[in-house]
Amino acid sequence: MDLFADIRGLVLGAIDTLAASGALPAGLDMAGVLVEPPRDPSHGDMATNAAMVLAKPAAMKPRDIAALLAERLLADPRVTAAEVAGPGFLNLRLAAGAWQAALRTALTEGAAFGRADIGQGTRVNIEFVSANPTGPLHVGHTRGAVFGDALASLMAFAGYDVTREYYINDAGAQVDTLARSVYLRYLEALGEAVAFAEGSYPGEYLKPVGAALAAEVGERWVDQPEAVWLPEIRAFATDAMLALIRDDLAALGIRMDVYFSEKSLYGSGRIEAAIERLDEAGLIYRGVLDPPKGKTPEDWEPREQSLFRSTAHGDDVDRPIRKSDGGWTYFAPDIAYHWDKIERGYTQLIDVFGADHGGYVKRMKAAVSALSDGQVPLDIKLTQLAKLWKDGAEFKMSKRAGTFVTLRDVVDEVGPDVTRFVMLMRRNDMPLDFDFDKVTEASKDNPVWYVQYAHARIASVLRKAAEAGADTADATLARADLATLDDPAQLALIRRLADWPRQVALAARHHEPHRVAFFLYDLAAEFHALYKRGDDLPGLRFLDPGRPDAQAAKIALARATGVVIANGLAILGVTPVEEMR
RNA sequence: GCACCCGUAGCUCAGUUGGAUAGAGCGCUGCCCUCCGAAGGCAGAGGCCGCAGGUUCGAAUCCUGCCGGGUGCGCCA
């Protein structure tokens, strides 16, 4: 139940009625009609721009349309006032019962309160992390992991059929490097002295892999040429790395639905099939690219290549799909991979990349547009870096200095809940400061703590009420007489709760889970303010044993707030706490 | 040189498919604890929304051009 959507429906119905009676032209486009909370609360409970949006197509003055609408809307019992204001806004005031109904809905729907159906079951594939399987996830992957997972939860909550997917880059040269590095660890495990050459992976994390390999195959591959062991060790090593990565993700509470292997595309004809599809569309040709202007590589030489005419779908230059040795460029399997997603029936695709991959956005969108005849939208979300701070100084990651910070390091330090919330407290395309000292601080400038504190306070109130003998079951609370909730701070909180479903829809539509985090912060602030008001006005205290009916209403409000906080945190993947320790 | 992202209060950042007088936290100033948890709350000061044009009833939001910061730019994925 979304009160704002309900009232919007009421407005649209009024427009239809007016059109039917000839007061307005028929067939007006109402897509731009919004019902929102006004910025200034004195303007009323809700405002609609309907009259201004319709003015031009209807060839009427906005204020005239607004006046017509006002008359119709007032016929509904939920609307107690409708005033035309400014250039043609229609400000509405709602009956107390309408707001109270929203609060009751929060109690009766519980964990489902705020669910939307804007997705209508649309199958959406969200690809995120997709780190090379050559080692544990490092801190740079954390943000994309958290963002992708929260976005997936958000969209699922908004009615999409969501798949979380990880693309394993297990076909490139770096996997050979991994295999060779594992081979060295294997020899080492068998007692040989080894030296790691430039460009290999000397990380400690490969020691157990080498040891496991030694235990499995014994000395069979010692003193053998690479051709003998490379393919098998490659598979063995990537499996081990993938297990490592799965564990890292699990530590953050992330479970992928699909791990898709790039290697599986090779030799299966699927790359050829995808390119063939582009070729049939006349988008593959042989040609010579111009060097990038202003920055010609020193070894530049004109070369005839097999090119994808991505410029036909919005890219800036056409892109090579074959290397001069005849092999595929990395872009070709990417095309095939996205073609595979389309063939699997997804009608909406989302890729989450690090900001350093921003250069691939246009070509990838061009490919998906070409492959799906523009039918499957691809949204690419770029995540900016998270800067680590510790003891007041930036904590730089450097492989050379040995300060390799893993995702696991961060989670071990502050826990998955804090990691996730902090990463989501910023828009994905804004850089982020992650201060180890601050994020664990118990104070108001730590949003994680502040939101959790509100939830814990509510849990505390409910505990105490129950201890004192009150019936705090949701079903009972939902039957309380809520008319006594008439203080401005209480009404503000109720309005905020009623706004939750609308915020979910907005966040899902924009693919922006951070909106949920900000909403929760504002909601928590509203709750804390009300709670504090009980100091001066004892009648506002939630625990009010002398007035059982009033207490029931206030506890219902507290509980509903707790429900919304819990639902929001669930989207973010953060566990609500019952008490602060 | 080109592309993409960013530019909003002293600092860090929100800002509804374009909506009314642009918000929050920190910091600053001033208030409030025999009180359901003060690990807080209330109030105030603080803005040419990078600059200049354009689109329209209306622009922080859309378009164009500049300025500043970041990320990238054909056989690495």
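Letters A, B, ... are given to chains in the order of the sequence lines, protein chains preceding strands, and every chain is numbered from 1.
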Query raised in the report: Going 5' to 3' along nucleotides 10-17 of chain B, which nucleotides have protein heavy atoms under 4.0 Å from the base (write B), which only from the sugar-phosphate (write S), and which from neither (write -)?
Result: --SSSSBB

Query - Minimum side-chain heavy-atom gap Arg426(A)-Arg143(A) below 4.5 Å - result: yes

In whole Å, measure the gap between the [atom1] atoms of [N] and [M] for me.
N	M	atom1	result
C73(B)	G46(B)	C1'	43 Å
C51(B)	A9(B)	P	11 Å
C42(B)	C6(B)	P	32 Å
C67(B)	G27(B)	P	38 Å
C49(B)	U8(B)	P	11 Å
G25(B)	A45(B)	P	15 Å
C13(B)	G50(B)	P	15 Å
U61(B)	U21(B)	P	16 Å

Looking at [options], which one has an atom nearest to any side-chain atom of [X]?
X	options	result
Asp356(A)	A38(B), C57(B), G72(B)	G72(B)
Tyr531(A)	A39(B), A20(B), A38(B)	A38(B)
Arg457(A)	A38(B), A20(B), C76(B)	A38(B)
Phe89(A)	A20(B), A39(B), A3(B)	A20(B)
Tyr450(A)	A20(B), A39(B), G40(B)	G40(B)

Quick one: [X] [atom1] to [N] [atom2], roughly how many Å, whole number?
X	N	atom1	atom2	result
Phe353(A)	A77(B)	CZ	P	15 Å
Asn49(A)	G18(B)	CG	P	11 Å
Leu90(A)	G19(B)	CG	C1'	14 Å
Leu540(A)	G40(B)	CG	C1'	17 Å
Tyr360(A)	C76(B)	OH	P	12 Å
His43(A)	G19(B)	NE2	P	15 Å
Tyr521(A)	A24(B)	OH	P	11 Å
Asp334(A)	C76(B)	CG	C1'	12 Å

Query raised in the report: Taking for each residue the nucleotide of RNA chain B bearing the nearest heavy atom, is the 5' side occupied by Glu579(A) or by Ala171(A)?
Result: Glu579(A)

**Report entry** 5' priority, RNA chain B, between Asp325(A) and Ala529(A) [closest heavy atom]
**Finding:** Ala529(A)

With heavy atoms under 4.0 Å as the rule, sort [X] into base, sugar-phosphate or nothing.
X	answer
Phe331(A)	nothing
Ala465(A)	nothing
Thr329(A)	nothing
Ala85(A)	base
Pro320(A)	sugar-phosphate
Glu301(A)	base
Arg541(A)	base
Glu262(A)	sugar-phosphate

Query raised in the report: What base-paired stems does RNA chain B take part in, with at least 3 consecutive Watson-Crick or G-U wobble pairs and both distances under 3.5 Å?
Result: B:1-7 with B:67-73, B:10-13 with B:23-26, B:28-32 with B:40-44, B:50-54 with B:62-66

Please determine whether a side-chain nitrogen or oxygen atom of [X] lies at a distance below 4.0 Å from atom OP1 or OP2 of [N].
X	N	result
Arg363(A)	G72(B)	no
Lys56(A)	C57(B)	yes
Lys438(A)	G25(B)	no

Requested in this report: Tell me whether the guanidinium CZ or amine NZ of Arg502(A) lies under 6.0 angstrom from the six-membered ring centre of Phe4(A) and within 45° of its axis.
Outcome: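 Cation-pi check for Arg502(A) and Phe4(A): passes.
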
Query raised in the report: Is the charged tip of Arg457(A) near the ring of Phe527(A): under 6.0 Å from the six-membered ring centre and within 45° of its axis?
Result: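 No cation-pi geometry.
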
Report task. May I have the step-by-step check of side chain to side chain donor-acceptor pair (under 3.5 Å) for His338(A) and Asp351(A), ending in yes or no? Result -> CA-CA 10 Å; His338(A) 283 76; Asp351(A) 290 350; 2.7 Å; yes

Query raised in the report: How would you list, by chain and number, every residue that makes a side-chain contact (heavy atoms from CB on, under 4.5 Å) with Ala366(A), sequence neighbours excluded?
Result: Phe308(A), Ser310(A), His313(A), Asp315(A)

Requested in this report: Measure up the Phe436(A) and Phe434(A) rings against each other and bin them: parallel (under 30°), tilted (30 to 60°), perpendicular (over 60°).
Outcome: perpendicular

Query raised in the report: Relative to each other, are the rings of Phe518(A) and His514(A) parallel, tilted or perpendicular (30° and 60° limits)?
Result: perpendicular

Query raised in the report: Any ion pair linking Lys341(A) and Glu127(A) (charged N to carboxylate O, less than 4.0 Å)?
Result: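 A salt bridge links Glu127(A) with Lys341(A).
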
Requested in this report: For residues Phe260(A) and Tyr337(A), establish whether the separation of their ring centroids is below 6.0 Å.
Outcome: yes

Query raised in the report: Can the ring centres of Tyr521(A) and Tyr450(A) be said to be less than 6.0 Å apart?
Result: yes

Query raised in the report: Using the rule for Phe, Tyr, His and the six-membered ring of Trp, do His528(A) and G40(B) stack at under 5.5 Å and under 30°?
Result: no

**Report entry** Aromatic stack Tyr330(A)/C76(B): centroid gap under 5.5 Å, interplanar angle under 30°
**Finding:**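 Stack criterion not met.
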
Query raised in the report: Should Lys532(A) and Asp535(A) be marked as a salt bridge (charged side-chain N to carboxylate O under 4.0 Å, His left out) after you check the CA-CA gap, both sets of side-chain angles, and the distance that decides it?
Result: CA-CA 6 Å; Lys532(A) 264 336 269 185; Asp535(A) 289 352; 2.5 Å; yes

Query - Base A20(B) to side chain Asn91(A), donor-acceptor N/O within 3.5 Å cut-off - result: yes

Report task. Start with the C-alpha gap between Leu506(A) and Gln503(A), add the side-chain angles, then the distance that decides, and say whether side-chain contact (heavy atoms from CB on, under 4.5 Å) holds. Result -> CA-CA 5 Å; Leu506(A) 274 172; Gln503(A) 293 292 340; 4.3 Å; yes

Query raised in the report: Nearest 0.5 Å, what's the CG-CG distance between Asn446(A) and Asp437(A)?
Result: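 CG of Asp437(A) is found 11.5 Å from CG of Asn446(A).
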
